Visitor: 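Following this message is one structure expressed as structure tokens.
The first residue of the sequence shown is numbered 1, and numbering continues consecutively from there. Only this structure's heavy atoms are used, side chains among them; waters, hydrogens and symmetry mates stay out. Because the structure is a prediction, the values reported are computed rather than measured.
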Amino acid sequence: MHHLEDLMNYCNIKPSVLQNEFHPRYQETDILQFCQKNNITFMGYSPFGQGDLLSDKTVMELARKHDVFPTNVLVQWSLQKGVICIPRTSKPERVRENLHYSSFTLDKDDMQQMSHLNDCHKFCWDPHRVI
């Protein structure tokens, strides 16, 4: 967070988009709230936790409940949190799966279950280790 605060203190033009790792296991709500407060679009990368979350028990249960793919649950969760996410895949069938995310909504209980997955686990690089 300090990187973003430092940038905001020194820049003449504030950033319009922040790209940050974001998924149920790594939610960084403080940065998300900072971005929302400062009208910075938050774009989350690695929404599937590099594939790890596709087999998560909670994600799979919600996918069955809504009759969708686990990828759809993860994309919809991000969108309902106000985060833009662009899932990355090289497989055409996964691209088709990812397009079906908007046909359902996670209810309050679903969102709560997903939020409980937060254990601050990063799958990508860690900006906290950068000076």
Side-chain angles (χ1 to χ4, degrees):
M1 173 93 139
H2 74 88
H3 294 110
L4 189 54
E5 290 170 334
D6 289 347
L7 177 64
M8 295 294 283
N9 288 329
Y10 292 103
C11 68
N12 291 324
I13 300 172
K14 73 174 183 155
S16 59
V17 177
L18 173 73
Q19 289 186 339
N20 201 63
E21 182 173 352
F22 188 81
H23 46 74
R25 291 191 62 194
Y26 191 74
Q27 298 178 32
E28 295 236 273
T29 54
D30 57 336
I31 293 177
L32 178 58
Q33 290 170 352
F34 181 90
C35 287
Q36 290 169 338
K37 179 182 171 190
N38 289 283
N39 293 324
I40 299 170
T41 301
F42 192 107
M43 181 181 287
Y45 58 81
S46 196
F48 308 145
Q50 295 187 341
D52 180 77
L53 290 164
L54 299 178
S55 60
D56 178 84
K57 179 182 165 191
T58 301
V59 174
M60 291 175 64
E61 286 174 3
L62 292 175
R64 277 191 295 277
K65 173 183 173 181
H66 293 282
D67 194 28
V68 296
F69 297 103
T71 53
N72 304 138
V73 170
L74 293 161
V75 169
Q76 187 64 24
W77 176 82
S78 291
L79 293 174
Q80 285 183 225
K81 295 289 261 180
V83 174
I84 294 172
C85 74
I86 301 175
R88 181 183 150 263
T89 185
S90 60
K91 299 178 181 173
E93 65 273 12
R94 294 274 193 212
V95 172
R96 283 188 288 279
E97 288 175 13
N98 295 339
L99 293 175
H100 295 285
Y101 69 86
S102 63
S103 61
F104 74 104
T105 301
L106 297 169
D107 63 32
K108 185 178 178 180
D109 185 55
D110 297 340
M111 294 295 286
Q112 182 100 10
Q113 287 180 56
M114 294 288 284
S115 291
H116 287 172
L117 297 177
N118 190 16
D119 62 2
C120 299
H121 182 84
K122 291 188 67 51
F123 292 96
C124 304
W125 73 288
D126 188 353
H128 299 293
R129 295 183 182 181
V130 177
I131 298 175

Visitor: Name the residue from R64, H23, M114 that meets the side-chain contact (heavy atoms from CB on, under 4.5 Å) definition with V59.
Guide: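 Exactly one option meets the side-chain contact (heavy atoms from CB on, under 4.5 Å) with V59, and it is M114.
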
Visitor: Write down the atom of Q50, the atom of C124, and the distance for their closest heavy-atom approach.
Guide: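 Shortest heavy-atom separation between Q50 and C124 comes out as NE2-SG, 3.7 Å.
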
Visitor: Do C120 and E28 have side chains that get closer than 4.5 Å, going by heavy atoms?
Guide: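 They are not in side-chain contact.
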
Visitor: Given the rule that I, L, V, M, F, W and Y join up when any side-chain heavy atoms are under 4.5 Å apart, are Y10 and L7 in one cluster?
Guide: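 Hydrophobic grouping puts Y10 apart from L7.
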
Visitor: Would you say D109 and Q113 are linked by a side-chain donor-acceptor pair, where the criterion is simply a distance under 3.5 Å?
Guide: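 Side-chain D/A pair, Q113 to D109: present.
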
Visitor: For the side-chain hydrogen bond (donor to acceptor under 3.5 Å, both in side chains) test, which of Q112, K65, Q80 pairs with D107?
Guide: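 The passing option is K65.
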
Visitor: Looking just at side-chain N and O atoms, do D110 and H66 make a donor-acceptor pair shorter than 3.5 Å?
Guide: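 Short answer, yes.
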
Visitor: I want to check something: taking the side chain as every heavy atom from C-beta on, are M8 and I40 in contact at a cut-off of under 4.5 Å?
Guide: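 The answer is yes, as the side chains (C-beta and beyond) meet within the 4.5 Å cut-off.
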
Visitor: Answer yes or no: is there a side-chain heavy-atom contact under 4.5 Å between L32 and F22?
Guide: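 Yes. Closest side-chain heavy atoms under 4.5 Å.
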
Visitor: Under 4.5 Å between side-chain heavy atoms, hopping through other hydrophobics if needed: is there a path connecting M60 to V68?
Guide: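 No, it is not one cluster - the side chains of M60 and V68 are not joined through contacts under 4.5 Å.
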
Visitor: Specify the closest pair of heavy atoms between P47 and P87, including all atoms of both residues, with the distance to one decimal.
Guide: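 P47 and P87 have their closest heavy atoms at CG-CA, 4.1 Å.
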
Visitor: Take atom CG of N9 as the centre, draw a 6.0 Å sphere, and report whether it contains more than 12 heavy atoms from other residues, nucleotides or ligands.
Guide: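 Atom CG in N9 is packed in, count exceeds 12.
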
Visitor: Among pairs that include at least one residue of residues 32-56, which meet salt bridge (charged side-chain N to carboxylate O under 4.0 Å, His left out), considering only residues two or more places apart or in two chains?
Guide: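 For residues 32-56: R25-D52.
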
Visitor: Distance from N20 atom CG to Y26 atom OH, nearest 0.5 Å?
Guide: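 Reported value, rounded in 0.5 Å steps: 6.0 Å.
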
Visitor: Going through the distances and angles, do S115 and K81 end up as a side chain to side chain contact (heavy atoms under 4.5 Å, CB included)?
Guide: CA-CA 10 Å; S115 291; K81 295 289 261 180; 3.8 Å; yes

Visitor: Surrounding NZ of K57 (heavy atoms of other residues, nucleotides or ligands, distance under 6.0 Å), is the total greater than 12?
Guide: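 Open: at most 12 neighbouring heavy atoms sit under 6.0 Å from NZ of K57.
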
Visitor: Atom CZ of F104 and atom CG of N72: how far apart are they, to the nearest 0.5 Å?
Guide: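 Reported to 0.5 Å precision, the distance equals 5.5 Å.
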
Visitor: Without swapping roles, check the side chain of K122 against the backbone of E21 for a donor-acceptor pair under 3.5 Å.
Guide: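 Not at all, since once roles are kept as given, no pair shorter than 3.5 Å links the two residues.
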
Visitor: CG of D119 to CD of Q27: how many Å apart, nearest 0.5 Å?
Guide: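 One gets 9.5 Å once the value is rounded to the nearest 0.5 Å.
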
Visitor: Sort out for me which residue in T71, L74, V73 forms a side-chain contact (heavy atoms from CB on, under 4.5 Å) with L53.
Guide: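 Of T71, L74, V73, side-chain contact (heavy atoms from CB on, under 4.5 Å) with L53 is met by L74 alone.
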
Visitor: Rounded at 0.5 Å granularity, tell me how far CH2 in W77 sits from CG in L62.
Guide: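 It is 12.0 Å, given to the nearest 0.5 Å.
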
Visitor: Begin with the C-alpha distance, continue with both residues' side-chain angles, and end with the deciding distance and a verdict on side chain to side chain contact (heavy atoms under 4.5 Å, CB included) for I31 and Q33.
Guide: CA-CA 5 Å; I31 293 177; Q33 290 170 352; over 6 Å; no

Visitor: Taking only residues two or more places apart in sequence or in another chain, which ones pass side chain to side chain donor-acceptor pair (under 3.5 Å) with N39?
Guide: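 Result, side chain to side chain donor-acceptor pair (under 3.5 Å) vs N39: none returned.
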
Visitor: Which distance, rounded to the nearest 0.5 Å, do you find between the CG of L4 and the CG of L18?
Guide: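 It is 5.5 Å, given to the nearest 0.5 Å.
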
Visitor: Measure the OG-CZ distance between S78 and F42 for me, rounded to the nearest 0.5 Å.
Guide: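 The OG atom of S78 sits 9.0 Å away from the CZ atom of F42.
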
Visitor: Give the minimum heavy-atom separation between S46 and F123, together with the two atoms involved.
Guide: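 Looks like OG-CB, 4.5 Å.
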
